[in-house]
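Per chain, numbering begins at 1; letters A, B, ... match sequence-line order. Basis for what follows: all heavy atoms, side chains included, without hydrogens, waters or symmetry-related copies.
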Protein chains: 2
Amino acid sequence: MAFHLLQHDRQGAQLMAQALQQAVASVRHCSRCHTFTEDEVCEVCRNPQRDASKLCVVETPADQAAVERTAAYRGLYFVLMGKLSPLDGIGPKDIGLAKLFERAADGQVQEVILATNFTAEGEATAHVIGEALKARGLRVTRLARGVPAGSELEYVDLGTIAHALVDRR
Amino acid sequence: MAFHLLQHDRQGAQLMAQALQQAVASVRHCSRCHTFTEDEVCEVCRNPQRDASKLCVVETPADQAAVERTAAYRGLYFVLMGKLSPLDGIGPKDIGLAKLFERAADGQVQEVILATNFTAEGEATAHVIGEALKARGLRVTRLARGVPAGSELEYVDLGTIAHALVDRR
């Protein structure tokens, strides 16, 4: 990319450098949900139309964007900006769990929806957060695990079918 | 495949022809669950270790094999050998629904688990069967829909995330 810009598009490189500098200077973390924003509090957290009784915990702003695109969720978010990963030395402090617990106990939040990824680290993170919040008397739910929409059983992995069987409704 | 056999493996072709003839002559449908078998009643239906209070409805023997491979299900099956598909002229009679309703009402079955595919036709088939069985007072469940094990939200389709949100537990 660098070679392409230097050979074919020096003006574009200049613009990109400026945009990056501006982003670095102005983009920071929302003081309520930790997602990326240019303001003190992000647009979602500021929106009075959002349902403040629901708090959806995701790993990254990209995951938050994925949930937002479904238009099926009208609550608020807490973005961990990472996940528990002991092998990489990432513990509860690095993903702001104390901040999350404080936020969840603000009296407005009725339900915390754990939407971390369904990977080993995401599941471990969900487990740790879930146990801690349940111990504080909060209602905790987890995104459903199961067979994705549109798929045929024959081509779905065994672990997913087994989960879908256990979680049948 | 035909050209390869004729040019390189005429003996293999002979064997395959015999195997196919034998299969055509001896493989039929289980009289209880409709899956492929060489006996009057298939091995799963004959197995007294299986839990006769659960009946899992699948579209094809391949789907049945996928559920079996999980080793998470110990009940019995009913194989539709197809799915409702009005556009292709496939109605309730073609997939033996009357036989299924009779089987589900045998007094032993406590729960019918709908494990048709999560495609449009599979969902429609599950809906029709589910409504009919519920009207007969039976307990009907559906495999969980949701995010597959091991996956990251960012790469999961919107419909699946929306379902996983609605079905959170």
Side-chain angles (χ1 to χ4, degrees), chain A residues 54 56-75 77 79 83 111-123 126 130 139-169, chain B residues 54 56-75 77 79 83 111-123 126 130 139-169:
Chain A
K54 290 194 177 63
C56 182
V57 178
V58 293
E59 292 181 15
T60 65
D63 293 336
Q64 179 189 16
V67 176
E68 275 294 284
R69 274 197 302 271
T70 68
Y73 180 69
R74 297 300 303 161
Y77 293 91
V79 185
K83 55 189 173 248
E111 176 184 357
V112 177
I113 301 166
L114 301 176
T116 55
N117 290 327
F118 287 79
T119 56
E121 288 157 343
E123 292 276 22
R139 177 157 176 247
V140 180
T141 56
R142 177 88 169 109
L143 284 197
R145 250 185 316 213
V147 181
S151 59
E152 310 196 17
L153 280 196
E154 196 180 339
Y155 308 109
V156 172
D157 67 291
L158 302 188
T160 296
I161 297 183
H163 273 307
L165 266 168
V166 172
D167 286 358
R168 67 182 182 272
R169 21 189 315 131
Chain B
K54 289 194 179 64
C56 182
V57 178
V58 295
E59 291 179 16
T60 65
D63 293 337
Q64 180 188 15
V67 176
E68 274 296 282
R69 276 198 302 273
T70 67
Y73 180 69
R74 298 298 302 158
Y77 293 92
V79 184
K83 54 189 175 244
E111 176 185 355
V112 177
I113 302 166
L114 300 176
T116 54
N117 289 325
F118 286 81
T119 55
E121 287 156 347
E123 293 275 23
R139 180 162 173 243
V140 180
T141 56
R142 178 85 169 113
L143 285 197
R145 251 184 314 213
V147 182
S151 59
E152 309 195 15
L153 279 196
E154 195 181 339
Y155 307 111
V156 173
D157 66 289
L158 301 188
T160 297
I161 299 183
H163 272 307
L165 267 168
V166 172
D167 287 357
R168 66 182 183 272
R169 17 189 319 128

Task: Partner set under side-chain contact (heavy atoms from CB on, under 4.5 Å) for A:Val140, not counting sequence neighbours - done: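 side-chain contact (heavy atoms from CB on, under 4.5 Å) check on A:Val140 returns A:Leu114, A:Leu133, A:Lys134.
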
Open item on the list: Are there residues of residues 56-64 of chain B whose heavy atoms fall under 4.5 Å of chain A's heavy atoms? If so, which?
Closed with: B:Ala62, B:Asp63

Task: Nearest heavy-atom neighbours spanning A:Gly150 and B:Thr119 - done: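 For A:Gly150 versus B:Thr119, the nearest heavy atoms are O-CG2, 3.8 Å.
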
TODO: Would you name the heavy atoms of B:Val156 and B:Ser151 that are closest together and state the gap between them?
DONE: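 Minimum heavy-atom separation between B:Val156 and B:Ser151: CG2-OG, 3.9 Å.
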
Task: chain B contacts, top residue of A:Ala115, A:Ala66, A:Ala164 (heavy-atom pairs, under 4.5 Å) - done: A:Ala164

TODO: Select one option (side chain, backbone, both, neither) describing which atoms of B:Ala71 are under 4.5 Å from chain A's heavy atoms.
DONE: neither

TODO: Applying side-chain hydrogen bond (donor to acceptor under 3.5 Å, both in side chains), name anything that partners A:Arg139, two or more places apart in sequence or on another chain.
DONE: A:Glu111

Open item on the list: What's the separation between atom CZ in B:Phe118 and atom CZ in B:Arg142, rounded to the nearest 0.5 Å?
Closed with: 4.0 Å

Task: Backbone N/O of B:Ala162 and side chain of A:Thr70: donor-acceptor pair under 3.5 Å - done: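 No; judged by distance alone, with no hydrogens or angles, the pair does not exist.
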
Open item on the list: Checking the side chain of A:Thr160 only, and the main-chain atoms of B:Ala149 only, is there a donor and an acceptor separated by less than 3.5 Å?
Closed with: yes

Open item on the list: Less than 4.5 Å apart, side chain to side chain, heavy atoms only: is that true for A:Tyr77 and A:Val67?
Closed with: yes

Task: Contact leader toward chain A among B:Asp157, B:Ile161, B:Val166, B:Thr141, where contacts are heavy-atom pairs under 4.5 Å - done: B:Thr141

Examine whether an atom of [X] lies under 4.5 Å from a heavy atom of chain B, and if so say whether it belongs to the side chain, the backbone or both; otherwise answer neither.
{"X": "A:Ala120", "result": "neither"}
{"X": "A:Ile113", "result": "side chain"}
{"X": "A:Lys83", "result": "neither"}

TODO: Output every pair passing salt bridge (charged side-chain N to carboxylate O under 4.0 Å, His left out) with a member in residues 145-156 of chain B, not counting sequence neighbours, ordered by first then second residue.
DONE: B:Glu123-B:Arg145

